[in-house]
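For reference, the structure is listed below as structure tokens.
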Amino acid sequence: MEECIIYTPLGFAKITGNNDGITSISILNSEENITDIIPEVLEDCVYQLQDYFNGKRQQFQLKLNPKGTEFQKSVWITLQKIPFGRTVSYSELSKQLNNIKAIRAIAAANGKNPILIVIPCHRVIGSDGSLTGYAGGLARKQWLLKHENPCKQQSLF
């Protein structure tokens, strides 16, 4: 398994993966040494993340290999269908998965997403529009949602 540490607007991010795909992207809560030489299998992920943070990418084209149960993987696949700049509620997500009664299990699977940003679990919000839990912290979730859907208010004067 290869890994690297990069700096992002959200802080230091750790990326792991191999030839089978990216296995995790996590935001760290501490300062780390940035990786000098990015492993070849992670280069495309690093470039695509940089494009995303620079406002040049809305979709990722990466081979993903998250570790989880079949149920969790089905949730993560559905998360990838949420369009850039949009949000859905946990209730809507459960309807998309044709499993309305599993809303808590779906929320738990969302919370266990190992590939932050690329699998956009940050796009899931409460039914009342509130920001709910995010493994990277609510401030980072709010930053990501603003980044993807900035309110472009015109000045009156």
Side-chain angles (χ1 to χ4, degrees), residues 3-17 20-30 32 42-154:
E3 68 177 49
C4 69
I5 306 285
I6 63 170
Y7 185 76
T8 74
L10 300 175
F12 293 89
K14 181 178 181 179
I15 304 167
T16 60
D20 294 329
I22 301 301
T23 56
S24 71
I25 298 173
S26 57
I27 305 299
L28 307 173
N29 289 320
S30 61
E32 301 288 334
L42 304 179
E43 285 178 347
D44 200 29
C45 182
V46 170
Y47 295 135
Q48 289 190 37
L49 281 170
Q50 288 172 337
D51 283 350
Y52 168 83
F53 284 117
N54 289 326
K56 297 177 183 173
R57 175 174 295 276
Q58 295 184 356
Q59 291 183 316
F60 293 94
Q61 273 98 35
L62 295 167
K63 185 176 179 183
L64 304 179
N65 188 20
K67 304 294 180 222
T69 66
E70 290 307 311
F71 177 78
Q72 289 170 330
K73 289 178 182 180
S74 71
V75 172
W76 301 335
I77 287 168
T78 303
L79 290 173
Q80 292 175 69
K81 297 174 184 173
I82 304 170
F84 182 91
R86 298 269 179 87
T87 57
V88 300
S89 68
Y90 288 101
S91 175
E92 290 172 278
L93 191 59
S94 67
K95 289 175 188 168
Q96 289 175 21
L97 286 156
N98 296 318
N99 203 343
I100 293 173
K101 294 186 179 189
I103 193 164
R104 287 179 187 231
I106 290 166
N110 190 57
K112 297 236 187 257
N113 170 23
I115 306 178
L116 298 183
I117 303 163
V118 174
I119 298 178
C121 57
H122 60 276
R123 296 180 187 155
V124 182
I125 59 173
S127 295
D128 62 358
S130 64
L131 295 187
T132 55
Y134 182 64
L138 289 181
R140 290 181 177 130
K141 181 174 185 164
Q142 185 175 27
W143 189 96
L144 288 164
L145 293 174
K146 275 188 178 175
H147 175 70
E148 292 185 5
N149 193 5
C151 181
K152 295 186 171 65
Q153 187 170 347
Q154 295 180 343

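Computed from heavy atoms alone, side chains included, the values below leave out hydrogens, waters and symmetry copies.
Distance check: S130 OG to L138 CG gives 9.0 Å after rounding to the nearest 0.5 Å. Separating the SG atom in C4 from the CG atom in L42 is a distance of 5.0 Å, to the nearest 0.5 Å. In this structure, CD on Q96 lies 10.0 Å from OG on S91, to the nearest 0.5 angstrom.
When all heavy atoms are compared, the tightest approach of D20 to K63 is O-CE, 3.3 Å. Smallest separation of non-hydrogen atoms from T16 and E3: CG2-CB, 3.6 Å. The shortest non-hydrogen separation linking I27 to A13 is CD1-CB, 3.9 Å. C121 and N110 get closest at one heavy-atom pair: CB-OD1, 3.1 Å. The minimum heavy-atom distance between P66 and I119, with the atom names listed, is CG-CD1, 4.4 Å. Of all non-hydrogen atoms in I82 and R86, the two that sit nearest each other are CG2-O, 3.7 Å.
E92 contributes a side-chain N or O that, together with a main-chain N or O of S89, makes up a donor-acceptor pair within less than 3.5 Å. In this structure, the side chain of K141 engages the main chain of V124 through a donor-acceptor pair within 3.5 Å. Using modelled atom types, no side-chain atom of W76 and backbone atom of K112 make a donor-acceptor pair closer than 3.5 Å. Side-chain N or O atoms of N113 include one that pairs as donor or acceptor with a backbone N or O of I115 at under 3.5 Å.
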- Message: side chain to side chain contact (heavy atoms under 4.5 Å, CB included), that's the test. Do N149 and T87 meet it? Break it down for me.
- Response: CA-CA 10 Å; N149 193 5; T87 57; over 6 Å; no
- Before giving the answer on side chain to side chain contact (heavy atoms under 4.5 Å, CB included), spell out for Q50 and T8 the whole-Å C-alpha distance, their side-chain angles and the decisive distance to 0.1 Å. CA-CA 8 Å; Q50 288 172 337; T8 74; over 6 Å; no
- Pair L131-L145, side chain to side chain contact (heavy atoms under 4.5 Å, CB included): steps then yes or no: CA-CA 10 Å; L131 295 187; L145 293 174; 3.5 Å; yes
- Message: Run the side chain to side chain contact (heavy atoms under 4.5 Å, CB included) test on T132 and Y90 for me, step by step, so that the C-alpha distance in whole Å, both residues' side-chain angles and the decisive distance to 0.1 Å come before the verdict.
- Response: CA-CA 10 Å; T132 55; Y90 288 101; 3.2 Å; yes
- Task: Could you please spell out the steps behind the side chain to side chain donor-acceptor pair (under 3.5 Å) verdict for H122 and E148?
- Result: CA-CA 11 Å; H122 60 276; E148 292 185 5; 2.8 Å; yes
- Kindly indicate, with the supporting measurements, whether the criterion side chain to side chain donor-acceptor pair (under 3.5 Å) is fulfilled by Q48 and D44. CA-CA 6 Å; Q48 289 190 37; D44 200 29; 3.0 Å; yes
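I6 places a side-chain heavy atom less than 4.5 Å from the side chain of I15. Put simply, the side chain of E43 does not reach to within 4.5 Å of the side chain of V46, judged on heavy atoms. Proximity of P9 to W143: side-chain heavy atoms (C-beta onward) are separated by under 4.5 Å at one or more points. Side-chain contact check for L10 versus L144: some heavy-atom pair is nearer than 4.5 Å. Counting heavy atoms from C-beta on, the side chains of I106 and L97 come closer than 4.5 Å. Residues Q59 and F84 fail the side-chain proximity criterion, which asks for heavy atoms closer than 4.5 Å. A heavy-atom distance below 4.5 Å is not found between the side chains of R123 and L79. The shortest side-chain heavy-atom distance between N99 and F71 falls under the 4.5 Å cut-off.
Here K14 does not pair with E32 in a salt bridge; the nearest charged N to carboxylate O distance is not below 4.0 Å.
Below 30°, between 30° and 60°, or above 60°: for Y52 and H147 the angle between ring planes is above 60°, a perpendicular geometry.
The environment of NZ in K73 is crowded: more than 12 heavy-atom neighbours from other residues, nucleotides or ligands sit within 6.0 Å.
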